[in-house]
Amino acid sequence: QVQLVESGGGLVQAGGSLRLSCAASGRTFYNYIMGWFRQAPGKDREFVAAITWTGGTITYRDSVKGRFTISRDNAKNTVYLRMNSLTPEDTAVYYCAANRGLVLSSASEYWGQGTQVTVSS
C-alpha cells in the first residue's frame with residue numbers, strides 16, 4: 001500500500017519558518033516527480049513546488065520563489081519543503097504528491113492527507 005505522510009505543519013507568526021516533510025512508502029519512487037500543493041479555505045488547490053527524481057528540475061509557483069526551497073532524499077523516499085518569510089497568505093493545508101515522470105499536476109497518482117500550516121499576522 002502506497003502512502004505519503006506529511007509532517008511539520010503548525011502555527012507560526014508572519015516572518016517565521018517551517019519545514020514540511022513527506023515520507024513515501026509502499027513502492028519505489030524511482031523516476032517519480034514529487035512535490036507540494038496547497039489549498040486555502042474557500043480556494044482551489046494550487047501548485048507550490050516540485051522536484052524531479054534526479055533533482056535536476058525544480059519548479060515553484062511565483063509567489064513562493066525566493067522563500068521556499070524544495071529538496072528530496074531518495075534514499076529515504078522523502079521530500080522536504082523549507083518555507084521562510086511566511087505570510088498569512090501562505091496559510092493552507094499543504095499536500096504532498098507524487099507522479100511518474102516529469103509532470104506534477106492535480107491529476108497526480110499519489111497524494112498525502114495534508115498538513116495544516118497557519119501563519120498569524
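Every heavy atom of this structure was used, including side-chain atoms; hydrogens, water molecules and symmetry mates were not. Predicted model, so just to flag it, every value in this text is computed and none were measured.
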Please report the interatomic distance [atom1]([X]) to [atom2]([Y]), rounded to the nearest 0.5 Å.
| X | Y | atom1 | atom2 | value |
| --- | --- | --- | --- | --- |
| Tyr60 | Thr69 | OH | OG1 | 4.5 Å |
| Trp36 | Met83 | CH2 | CE | 8.0 Å |
| Phe29 | Asn74 | CZ | CG | 11.0 Å |
| Phe68 | Ile58 | CZ | CD1 | 14.5 Å |
| Arg45 | Trp111 | CZ | CH2 | 5.0 Å |
| Phe37 | Tyr95 | CZ | OH | 12.0 Å |

Is there a side-chain contact between [X] and [Y], using heavy atoms and a 4.5 Å cut-off?
| X | Y | result |
| --- | --- | --- |
| Arg72 | Met34 | yes |
| Leu20 | Val117 | yes |
| Glu46 | Arg61 | yes |

Is the closest side-chain donor-acceptor distance between [X] and [Y] under 3.5 Å?
| X | Y | value |
| --- | --- | --- |
| Asn84 | Ser17 | yes |
| Tyr32 | Glu109 | yes |
| Thr118 | Gln116 | yes |

Could you check whether any side-chain N or O of [X] sits under 3.5 Å from a backbone N or O of [Y], counting only pairs where one atom can act as donor and the other as acceptor?
| X | Y | result |
| --- | --- | --- |
| Ser21 | Tyr80 | no |
| Glu6 | Gly114 | yes |
| Arg19 | Arg82 | no |

Of all the heavy-atom pairs spanning Ala98 and Ser108, show the shortest one and how long it is. O-CB, 3.8 Å

Here the pair of heavy atoms bringing Ile33 nearest to Val103 is CG2-O, 3.5 Å

Gln113 CD: over 12 foreign heavy atoms closer than 6.0 Å: no

I need the single residue from Thr115, Asp90, Thr91 that forms a side chain to side chain donor-acceptor pair (under 3.5 Å) with Arg38. Which is it? Asp90

Listed once per pair and sorted, the disulfide (SG to SG under 2.5 Å) pairs that draw on residues 4-121, sequence neighbours left out: Cys22-Cys96

